[in-house]
Amino acid sequence: MTEQDATAELESSLLVEPPTGRDDQTSKQYLRLRSDILAGKFPRGAALHETQLSETYGASRTPIREALNWLAHDGLLERASRGFRVRSGTPEDVIEIYAARVALESEAAGAAAIRHTDLDMARLERLHDSCCSATDDAAVRVGNFRFHEALWQAAHNATITALLVRLTTQLRIYDSGPPSNYGEPDLLNREHAQILDALRARNETAAREHMRAHLERSREQRIRLFARG
């Protein structure tokens with residue numbers, strides 16, 4: 001799987017819907033801009049002006065303006081003196097996002113242990129098998145995200161899922177385009193297997209603990225990458 005294919009797969013897997021209560025053009029431009037930002041077509045800190053984007057996308061300024069406002073609400077953009085710019089932060093920002101993600105996703109894992117259906121488990125088992133058979137970094141990356149996404153769904157808590165989508169999408173910004181190498185796929189798969197064992201046993205405490213350890217290792221990996229960079 002190529003990096004371009006991986007990016008497209010991640011875009012299709014993200015649980016994203018256009019802003020509610022908006023017309024079709026606003027929704028279209030929102031999704032298009034969001035995809036381009038996450039694909040790294042606009043680097044961190046890049047200025048985004050509605051006039052220029054209107055020309056680039058062949059759209060009127062009103063839906064572009066509304067889409068930019070919604071993307072700022074999502075945390076992908078930040079307001080600048082003349083419009084918006086792609087969010088650019090510090091390693092500390094990433095650590096803060098991870099702290100929230102660890103708390104929410106460990107709670108999701110505990111809820112999934114109690115609330116999962118047979119269909120949820122079948123989906124998670126299939127995705128885990130796919131991760132284990134992946135042969136390149138891009139496929140591992142996609143499989144890892146899809147596994148986590150399925151676990152959020154298995155928790156059957158729409159509020160937690162929406163917050164986790166927002167947090168993991170913000171983390172994509174710091175990867176400057178296609179997500180970075182996850183590394184150690186065998187360890188990643190063993191950690192997923194431990195989470196699955198806890199879900200099968202409907203062990204809420206173990207599911208929480210294994211998810212927390214899994215995400216804390218991921219956070220430490222990012223910290224090491226920041227230290228080297």
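Counting begins at 1 with the first residue of the sequence. Everything quoted here is computed from the prediction, not taken from an experiment.
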- Message: Checking Phe84 against Trp70 for the ring pair (Phe, Tyr, Trp, His ring centres under 6.0 Å) test, could you report, in this order, the C-alpha distance in whole Å, the side-chain angles of both residues, the deciding distance, and whether it holds?
- Response: CA-CA 11 Å; Phe84 297 88; Trp70 275 101; over 10 Å; no

- Task: Could you tell me which non-hydrogen atom of Ser60 sits nearest to which non-hydrogen atom of Pro63, and how far apart they are?
- Result: OG-CD, 2.9 Å

- Note on the structure: Heavy atoms of Ala67 and Leu33 approach each other most closely as CB-CD1, 4.1 Å

- Side chains of Tyr98 and Ile223 in contact at under 4.5 Å (non-hydrogen atoms): no

- Item | For the student: nearest non-hydrogen atoms of His116 and Met121, plus distance | CD2-CG, 3.1 Å

- Query: salt bridge (charged side-chain N to carboxylate O under 4.0 Å, His left out) between Asp129 and Arg126: does it pass, once the steps are laid out?
  - Reply: CA-CA 5 Å; Asp129 290 344; Arg126 177 179 59 80; over 6 Å; no

- Any idea how His214 and His148 line up, ring-wise: parallel (<30°), tilted (30 to 60°), or perpendicular (>60°)? parallel

- Task: Evaluate the salt bridge (charged side-chain N to carboxylate O under 4.0 Å, His left out) criterion for residues Arg200 and Glu125: first the C-alpha distance (whole Å), next the side-chain angles of each, then the deciding distance (0.1 Å), finally the verdict.
- Result: CA-CA 10 Å; Arg200 291 189 200 98; Glu125 297 278 6; 2.7 Å; yes

- Message: For Ala109 versus Met211, what's the shortest heavy-atom pair and its separation?
- Response: CB-CB, 3.8 Å

- Query: Under a 4.5 Å cut-off applied to non-hydrogen side-chain atoms, are Asn157 and Glu107 in contact?
  - Reply: no

- Query: Any side-chain donor-acceptor pair under 3.5 Å between Thr169 and Arg34?
  - Reply: yes

- Answer with yes or no whether the side chains of Asp24 and Ser27 bring together a donor and an acceptor at under 3.5 Å. no

- Item | Closest approach of Ala108 to Leu164 (non-hydrogen atoms, all atoms of both residues) | CB-CD1, 4.3 Å

- Say whether, by atom type as modelled, one donor and one acceptor occur between the side chain of Asn144 and the main chain of Val140 under 3.5 angstrom. no

- Could you pull out the closest heavy-atom pair between Ala207 and Leu199, with the gap in Å? CB-CD2, 4.2 Å

- Item | Side-chain donor or acceptor of Ser35 paired with backbone N/O of Arg32 under 3.5 Å | no

- Message: Between Tyr30 and Asp74, is there a side-chain donor-acceptor contact under 3.5 Å, judged purely by atom types and distance?
- Response: yes

- Message: Determine whether a donor-acceptor pair (N or O, by modelled atom type, separation under 3.5 Å) exists between the side chain of Arg202 and the backbone of Ile114.
- Response: yes

- Item | Residues Arg65 and Glu50 bridged, charged N to O under 4.0 Å | yes

- Message: Do Glu220 and Arg224 make a side-chain contact, defined as non-hydrogen atoms from C-beta onward lying under 4.5 Å apart?
- Response: yes

- Query: Is there a donor-acceptor pair under 3.5 Å between the side chain of Ser54 and the backbone N or O of Ala59?
  - Reply: yes

- Beyond-backbone contact of Trp152 with Ile160, side-chain heavy atoms, under 4.5 angstrom: no

- Task: Would you mind reporting whether Leu171 and Leu167 have side-chain heavy atoms less than 4.5 Å apart?
- Result: no

- Under 4.5 Å between any side-chain heavy atoms of Leu196 and Phe147, yes or no? yes

- Item | Short N-O contact, Arg208 and Glu204, less than 4.0 angstrom | yes

- Tell me, do Leu215 and Arg219 make a side-chain contact under 4.5 Å, heavy atoms counted? no

- Have His210 and Asp197 got a donor and an acceptor in their side chains that come within less than 3.5 Å? no

- Query: More than 12 foreign heavy atoms under 6.0 Å from CD of Gln52: is that the case here?
  - Reply: no

- Note on the structure: Output for pair (Asn189 CG, Glu191 CD), nearest 0.5 Å, gives 9.5 Å

- Hey, does Glu78 have a side-chain heavy atom less than 4.5 Å from the side chain of Val86? no

- Item | Nearest-0.5 Å distance, CZ of residue Arg190 to CD of residue Gln194 | 8.5 Å

- Message: Tell me if a side-chain donor or acceptor on Arg87 pairs with a main-chain N or O of Gly75 at a distance below 3.5 Å.
- Response: yes

